[in-house]
Amino acid sequence: MTIIEPFRIKSVEAIKFTTREQRELRLREAGYNVFLLRAEDVLIDLLTDSGTGAMSSAQWGALMQGDESYAGSRSFYRFRDVVADLTGFTHIIPTHQGRAAERILFHTILTPGDIVPNNSHFDTTRANIEVEEAEALDLVIPEGRIPSLVHPFKGNVDLEALDHLLTERGDRVPLVMVTVTNNSGGGQPVSLENLRGVRALCDKFHKPLFLDACRFAENAWFIKTREAGQSHRSPKEIAKEMFSLADGCTMSAKKDGLANIGGFLAMNDDRWAENARNLLILTEGFPTYGGLAGYDLEAIARGLEEVVEEPYLQYRIRSTAYLGEKLLAAGVPIIQPPGGHAIYIDARAMLPHIPPLQYPGIACVNALYLEGGVRGVEIGTVMFGLHHDGRETPAAMDLVRLAIPRRVYTQSHIDFVAEVVAAVGSRRAALGGYRMTHAPKVLRHFTAKFEPV
Ligand SMILES: *Cc1c(COP(=O)(O)O)cnc(C)c1O
């Protein structure tokens with residue numbers, strides 16, 4: 001049977017059609033960086049799944065319940081209870097989004113020269129570690145670095161490499177992180193077995209384990225459907241076990257919080273939490289709102305309940321795989337198997353004639369926009385190729401991510417996207433590379449400008 005959208009649509013927003021000539025003009029004006037386009041000039045926006053989801057009628061209803069008291073708001077306690085029930089952590093600290101949780105955590109615990117291992121650091125996570133002059137180290141399993149290789153848990157941590165790091169340089173490692181699902185590595189899941197292995201190493205070396213939990217529910221669904229002995233458990237039960245293996249987490253509620261803004265930092269350590277709250281008050285707000293409105297806390301609380309519902313997760317993961325299957329059928333190389341929140345086109349494999357330092361990912365992203373007004377994002381040499389000493393080298397992969405906003409697009413939108421990608425794929429030999437004409441020093445992919453080579 002067809003797996004259908006497990007909702008009906010109560011409110012709609014028109015999208016704008018443009019001509020190819022209009023898109024050529026807009027893209028040139030944007031310095032050939034789709035981040036600098038106006039969103040209304042985009043037809044199908046797959047730039048990110050972050051904060052772009054559709055809230056449910058229950059969430060919109062909850063907004064009206066928001067208690068906007070500065071301190072001790074009822075909405076905070078509702079939010080805290082939902083997060084504490086899910087994660088089991090003692091200290092729940094709301095933040096305006098995930099990177100604020102990262103900044104507060106890393107600024108309060110890192111000293112220069114520290115090392116933070118992860119399966120793969122997300123860009124903001126890496127940047128927030130490097131700004132403290134610490135090293136963000138990626139230790140994903142070797143299979144996770146081969147785009148075309150099919151493996152059920154390509155987000156797993158290389159336990160041998162982690163053991164080696166903790167043995168050799170453990171004194172410089174204040175905590176271990178695992179990102180679920182592994183966004184930078186293709187939205188790939190981490191198995192419970194692997195998380196248990198990381199936990200055992202953390203116990204052996206007395207290190208706290210933190211999850212970058214942005215897509216914990218999607219990860220739980222992959223565990224349920226792919227890991228032996230897990231199929232009878234509910235996604236929520238599995239998610240709870242994932243969190244129980246950790247000592248804390250950073251979270252962007254813009255992903256599996258099903259909210260448009262928000263995040264949190266959660267942990268068990270009293271001293272770390274006190275330092276985090278002190279910095280929170282300085283830069284985000286009082287600990288019962290953390291830079292959010294009371295109504296945001298309500299929306300997140302409700303979203304965290306909806307995101308672990310089985311019909312939602314089944315539809316979510318299936319609709320992503322559906323796009324992946326269509327691209328494969330069109331002969332477009334993608335990271336296999338499809339991840340939870342996005343399809344990643346392997347732009348380096350698709351455009352072998354464009355050298356990595358001429359940004360094949362940017363070439364692909366720009367072609368998709370020109371072809372059909374579809375906006376994706378480069379995850380490659382522009383995002384990760386610049387080192388803090390100023391050198392530029394090719395990133396491990398040059399990918400184009402097509403992220404699927406939650407509950408926003410229907411199957412025919414996705415069919416259209418597949419047609420656009422297939423059309424670009426059929427003309428791949430005609431695409432050329434780009435050179436960077438404006439190169440910011442940090443998180444340069446957001447504001448860099450380019451011109452065709
Ligand atoms: C989005 C994301 C973040 C940062 O969260 P923001 O809410 O965008 O600040 C951190 N880690 C991962 C894995 C993410 O996907």
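First listed ligand is number 1; within each ligand, the first listed atom is number 1. Numbering starts at 1 and runs along the sequence shown.
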Name each N or O atom in ligand 1 that is under 3.5 Å from a protein N or O, and give the partner atom and the distance.
from     : atom 1 : to     : atom 2 : distance (Å)
ligand 1 : 7 (O)  : Gln97  : NE2    : 3.4
ligand 1 : 7 (O)  : Gly98  : N      : 2.9
ligand 1 : 7 (O)  : Ser252 : OG     : 2.6
ligand 1 : 8 (O)  : Gln97  : NE2    : 3.3
ligand 1 : 8 (O)  : Arg99  : NH2    : 3.0
ligand 1 : 9 (O)  : Gln97  : NE2    : 2.9
ligand 1 : 9 (O)  : Gly98  : N      : 3.3
ligand 1 : 9 (O)  : Arg99  : N      : 2.8
ligand 1 : 9 (O)  : Arg99  : NE     : 2.7
ligand 1 : 11 (N) : Asp212 : OD1    : 3.3
ligand 1 : 11 (N) : Asp212 : OD2    : 2.7
ligand 1 : 15 (O) : Asn183 : ND2    : 2.9
ligand 1 : 15 (O) : Arg215 : NH1    : 2.8
ligand 1 : 15 (O) : Arg215 : NH2    : 3.4
ligand 1 : 15 (O) : Lys255 : NZ     : 2.8

Does the pair Arg302/Glu298 count as a salt bridge with the N-to-O cut at 4.0 Å?
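Glu298 and Arg302: not salt-bridged.
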
Under 4.0 Å between a side-chain nitrogen and a carboxylate oxygen: does that hold for Glu29 and Arg26?
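Yes, Glu29 and Arg26 are salt-bridged.
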
His413 vs Tyr409 aromatic rings, parallel, tilted or perpendicular, using cut-offs 30° and 60°?
perpendicular

Could you check if a side-chain atom of Thr52 sits within less than 4.5 angstrom of a side-chain atom of Val408, using non-hydrogen atoms only?
no

Using the rule given for side chain to side chain donor-acceptor pair (under 3.5 Å), can you reason through Thr111 versus Asp114, listing the C-alpha separation, both sets of side-chain angles and the distance that settles it, and then say yes or no?
CA-CA 6 Å; Thr111 51; Asp114 281 351; 3.2 Å; yes

Side chain to side chain donor-acceptor pair (under 3.5 Å) between Asp123 and His445, worked out
CA-CA 10 Å; Asp123 59 351; His445 53 286; 2.8 Å; yes

